[in-house]
Amino acid sequence: MKSSKLILGCLATVGLTAGAATVHAEVDRDAIAERIKPIGQLCLVGDDCGTAAAPANGNGEAAANGIDGGAIYQRVCMACHDTGAAGAPRRGEEGEWSERIDQGWDTLLEHAINGIGAMPARGGNPNLSDEEVAASTAYLLEPVMDVPEIGDDAAADEEAVTEEGPVEEEAEAAAVAADEAVEEEAVEEAATEEAAAGDDEPAWAGIDGEAIYNQACMACHMTGAAGAPRRGEEGEWAQRMEQDMDTLYEHAINGIGAMPPKGGHANLSDDEVRAATDYLVEPVR
């Protein structure tokens, strides 16, 4: 009888030990799987990825409102606010922003829209809307102060549009599209005439240097910020124009003095920079 109890006791102990080992092994497998699982999933364009795909610009709110403040900053503001050109406070440098932050968001936005000191209105790009300036200003200030959410007012205005509003907007859009079509046709005709005028034109002759100047160069070369020679001012260009154009192109592409390479717009091609340089010096050549 005692032997039977001893045998049953041993069997129970073995069973409990095996069960515990199994549970422990499963826990170990779960822990290992958790540690080695992929940190992300590949989501291709066109796939139904749910919320796995992050916003392309890293700023979900700005993208949701249709205005990418980071992209506008890189296109218009970065040349000065990344380098400190003309005394511009650099993004993320709290010490350079401390006194300005005390003025508050509304005042800083007003300065961005209307200009202040060496900074021209809208960073030198008059094509930007107030909302686009606000979005880029929010991106600029985000590391050093709390900024309001951009786009809420615009969304409220959209909800308040009457039934007649969309009809009027469609009519205006149609008129704008017609004007743009006429302008495009005129531009194409002008380009055709220029192409027929001679074969000695440079490769960048067909690039709109004025548009690139307005986007990348005007902020400094219209105001003289950081000692930049202003467009059309012969006295400020006299010594520089004694150099050949290849030297001026090289300075514009690679940077010189306070001017960063390509005016701080690394995405520009060399030919685009040459086209903008031609437009810049055109009045004094």
Value rounded to 0.5 Å, distance of [atom1] in [X] from [atom2] in [Y]:
X: Glu110; Y: Trp105; atom1: CD; atom2: CH2; value: 12.5 Å
X: Arg122; Y: Asn127; atom1: CZ; atom2: CG; value: 9.5 Å
X: Asp146; Y: Leu141; atom1: CG; atom2: CG; value: 11.0 Å
X: Thr137; Y: Leu109; atom1: OG1; atom2: CG; value: 5.5 Å
X: Ile72; Y: Glu131; atom1: CD1; atom2: CD; value: 10.0 Å
X: Ile67; Y: Ser136; atom1: CD1; atom2: OG; value: 9.5 Å

How close do [X] and [Y] get, heavy atom to heavy atom, and via which atoms?
X: Arg100; Y: Gly87; value: NH2-O, 4.0 Å
X: Pro260; Y: Ala79; value: CG-O, 4.2 Å
X: Leu248; Y: Gln243; value: CD2-NE2, 4.4 Å
X: Ile101; Y: Val144; value: CD1-O, 3.3 Å
X: Glu236; Y: Ala228; value: OE1-O, 4.1 Å

Exercise for the section: Please name all residues satisfying side chain to side chain donor-acceptor pair (under 3.5 Å) with Asp82, sequence neighbours left out, ordered by chain then number. Expected result: Tyr73
Practice task
Apply side chain to side chain donor-acceptor pair (under 3.5 Å) to Asn254 and list each qualifying residue two or more places apart in sequence or on a separate chain.
Solution key: none
Hey, could you give me each pair passing salt bridge (Lys or Arg N to Asp or Glu O under 4.0 Å) that has a residue in [range]? Not counting sequence neighbours.
range: residues 239-261; result: none
range: residues 83-99; result: Arg90-Glu96
range: residues 258-270; result: Lys262-Asp270

Close side-chain approach of [X] to [Y], heavy-atom, < 4.5 Å:
X: Asp278; Y: Tyr213; result: no
X: Tyr249; Y: Val273; result: no
X: Cys80; Y: Met119; result: no
X: Gln215; Y: Glu272; result: no

Exercise for the section: Could you tell me whether the side chain of Thr107 and the main chain of Gly104 form a donor-acceptor pair under 3.5 Å? Expected result: no
Practice task
Determine yes or no for a side-chain-to-main-chain donor-acceptor pair under 3.5 angstrom, with His81 supplying the side chain and Pro89 the backbone.
Solution key: yes
Practice task
Report whether Met259 and Met241 are members of the same hydrophobic cluster (ILVMFWY, side-chain heavy atoms less than 4.5 Å apart, transitive linking).
Solution key: no
Exercise for the section: Treat each ILVMFWY residue as a node, draw an edge where side-chain heavy atoms are under 4.5 Å apart, and state whether Val284 and Met245 are in one component. Expected result: yes
Problem - Test item: side-chain donor near acceptor, Asp208 and Tyr279, under 3.5 Å - result: no
Practice task
Tell me, yes or no, whether the heavy-atom count around Asp102 atom CG, taken from other residues, nucleotides or ligands under 6.0 Å, exceeds 12.
Solution key: yes
Problem - Results of side-chain contact (heavy atoms from CB on, under 4.5 Å) for Asp271 - residues two or more places apart only - result: Ala203, Trp204, Ile207, Ser269, Arg274
